[in-house]
Amino acid sequence: MDFLQYPQPLADLISSLARLPGIGPKTAGRLAFYLLQHPRVSEDLAQAIVVANRDIKKCSICSNFTDQDPCALCQNTQRDQTSLCVVEHPRDVVSLEKTREFKGLYHVLHGVLSPMDGIGPEQLTVNLLLKRLEGVREVVMALNPTVEGEATALYLARLLKPLGIKVTRIAHGLPVGGDLEYADEVTIARALEGRRQL
């Protein structure tokens, strides 16, 4: 999309919106025009962004996004204090909580190891994780099934197993409603590895 035909403030708005994940230049243009045609929506959105940037912080215990420190999950004494689930991003905590299956605590890494991108353990919250293991008996790795996610899970398992902590990995496989015909070999292999008795 050629921004030269737009007034500079509009071109800047389109350019800024296009930097958001999943938003290409055409969608950014549509959003920009919508926001200009609906000034109240624009003001509400701008205010919500300012408030979120000001009030949301990382929990000092689990690194999840929160507006209170420690977060509500870390403060909840009803949760299983011996089980810890490690995830990549705060949105993963929300996804897992929606299932109502996991009753323990969480730890958010804010990414995965990726030497090609210059992301090592120091750029993640690995040190914070290692400091909160007292009383923890199981760490569940709920990282995405990518090369980087697998490498991060293996790296953390090597750190945790010598401490006598059971390290488990969430199962990967076919989604409900999935069709074997369209699944790739790795997904099918993971589904077979994670099989259980009925």
Side-chain angles (χ1 to χ4, degrees), residues 21-22 48-114 117 119-178 187 190-198:
I49 292 170
V50 168
V51 170
N53 277 321
R54 182 190 66 214
D55 295 349
I56 298 297
K57 53 191 153 282
K58 290 181 186 176
C59 173
S60 60
I61 298 172
C62 71
S63 290
N64 194 12
F65 285 150
T66 182
D67 60 349
Q68 56 184 343
D69 191 24
C71 71
L73 290 170
C74 287
Q75 287 184 44
N76 186 345
T77 57
Q78 301 301 311
R79 297 192 74 95
D80 180 0
Q81 307 291 308
T82 67
S83 185
L84 191 63
C85 183
V86 177
V87 298
E88 289 182 34
H89 303 289
R91 65 180 173 265
D92 300 330
V93 173
V94 174
S95 297
L96 287 164
E97 278 297 289
K98 283 181 182 177
T99 69
R100 299 177 189 251
E101 290 295 320
F102 183 70
K103 308 297 184 200
L105 300 172
Y106 293 94
H107 188 82
V108 182
L109 293 174
H110 289 277
V112 287
L113 297 174
S114 180
D117 298 319
I119 301 173
E122 306 79 28
Q123 284 72 45
L124 305 176
T125 61
V126 174
N127 286 335
L128 193 58
L129 170 65
L130 296 175
K131 290 177 183 173
R132 61 181 298 220
L133 296 174
E134 186 177 337
V136 173
R137 292 198 299 261
E138 179 185 14
V139 173
V140 180
M141 297 292 167
L143 305 176
N144 291 317
T146 61
V147 172
E148 294 85 1
E150 293 292 330
T152 304
L154 290 172
Y155 171 80
L156 292 174
R158 272 189 253 121
L159 292 177
L160 300 173
K161 284 182 181 177
L163 303 175
I165 296 172
K166 177 181 175 184
V167 180
T168 58
R169 184 91 163 94
I170 61 169
H172 298 120
L174 297 170
V176 173
T187 301
R190 288 286 165 76
L192 285 169
E193 287 171 15
R195 69 188 184 277
R196 56 192 171 94
Q197 188 172 341
L198 293 176

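Reckoned from all heavy atoms, side chains included, excluding hydrogens, waters and symmetry mates. Residues take their numbers from the sequence shown, with the count starting at 1.
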**Request:** State whether Glu97 and Arg79 are salt-bridged, where the test is any N-O pair (Lys NZ or Arg NE/NH1/NH2 against Asp/Glu carboxylate O) under 4.0 Å.
**Result:** yes
**Prompt:** Any donor-acceptor pair under 3.5 Å linking the side chain of Asn144 with the backbone of Gly149?
**Reply:** no
**Request:** For the residue pair Glu138 and Thr168, establish whether any side-chain heavy-atom pair is separated by less than 4.5 Å.
**Result:** yes
**Request:** Supply the atom-to-atom distance Ile170 CD1 to Phe102 CZ, rounded to the nearest 0.5 angstrom.
**Result:** 11.0 Å
**Prompt:** Hey, mind stepping through Leu143 and Leu109 against side-chain contact (heavy atoms from CB on, under 4.5 Å) and telling me if it holds?
**Reply:** CA-CA 10 Å; Leu143 305 176; Leu109 293 174; 4.0 Å; yes
**Asked** Does a side-chain heavy-atom distance below 4.5 Å link Val136 with Ser83?
**Response** no
**Request:** Using a cut-off of 6.0 Å, state whether more than 12 heavy atoms not belonging to Arg54 lie near its atom CZ.
**Result:** yes
**Atom pair CG/SG of Asp69 and Cys74 - distance to nearest 0.5 Å** = 8.5 Å
**Complete:** Minimal heavy-atom distance between Leu96 and Cys85, with the atoms involved, is CD1-SG, 3.7 Å
**Asked** Which atom names give the shortest non-hydrogen contact between Leu130 and Leu160, and what distance separates them?
**Response** CD2-CD2, 4.1 Å
**Prompt:** Which atom pair, heavy atoms only, marks the closest approach of Ser63 to Val108?
**Reply:** CB-O, 3.4 Å
**Request:** Show your working on side-chain contact (heavy atoms from CB on, under 4.5 Å) between Val86 and Thr152 and close with a plain yes or no.
**Result:** CA-CA 10 Å; Val86 177; Thr152 304; over 6 Å; no
**Request:** Mind running side-chain contact (heavy atoms from CB on, under 4.5 Å) on Glu150 and Arg169 for me, showing each step along the way?
**Result:** CA-CA 10 Å; Glu150 293 292 330; Arg169 184 91 163 94; 2.9 Å; yes
**Val93 vs Arg91 side-chain heavy atoms within contact, under 4.5 Å** = no
**Prompt:** Near Lys57 NZ, under 6.0 Å, is it more than 12 heavy atoms from other residues, nucleotides or ligands?
**Reply:** yes
**Request:** To the nearest 0.5 Å, tell me how far His89 NE2 sits from Ser95 OG.
**Result:** 11.0 Å
**Request:** Could you tell me whether the side chain of Arg132 reaches within less than 4.5 Å of the side chain of Cys62, counting heavy atoms only?
**Result:** yes
**Request:** Report the C-alpha separation of His107 and Leu128 in whole Å, then their side-chain angles, then the decisive distance to 0.1 Å, and conclude whether the side-chain contact (heavy atoms from CB on, under 4.5 Å) test is met.
**Result:** CA-CA 9 Å; His107 188 82; Leu128 193 58; 4.0 Å; yes
**Prompt:** Are the side chain of Asn76 and the backbone of Gln78 linked by a donor-acceptor contact shorter than 3.5 Å?
**Reply:** yes
**Complete:** In this structure, CD of Gln75 is separated from SG of Cys59 (nearest 0.5 Å) by 8.0 Å
**Request:** State whether a side-chain donor-acceptor pair under 3.5 Å links Thr82 with Asp80.
**Result:** yes
**Request:** May I ask you to check whether His110 and Phe65 place their ring centres under 6.0 Å from each other?
**Result:** yes
**Message:** Working to the nearest 0.5 angstrom, can you tell me the gap between Leu73 CG and Ile61 CD1?
**Reply:** 11.0 Å
**Asked** Mind checking whether Val140 and Leu84 have side chains closer than 4.5 Å, heavy atoms only?
**Response** no
**Request:** Could you tell me the separation between the CG atom of Leu113 and the CG atom of Leu156, rounded to the nearest 0.5 Å?
**Result:** 7.0 Å
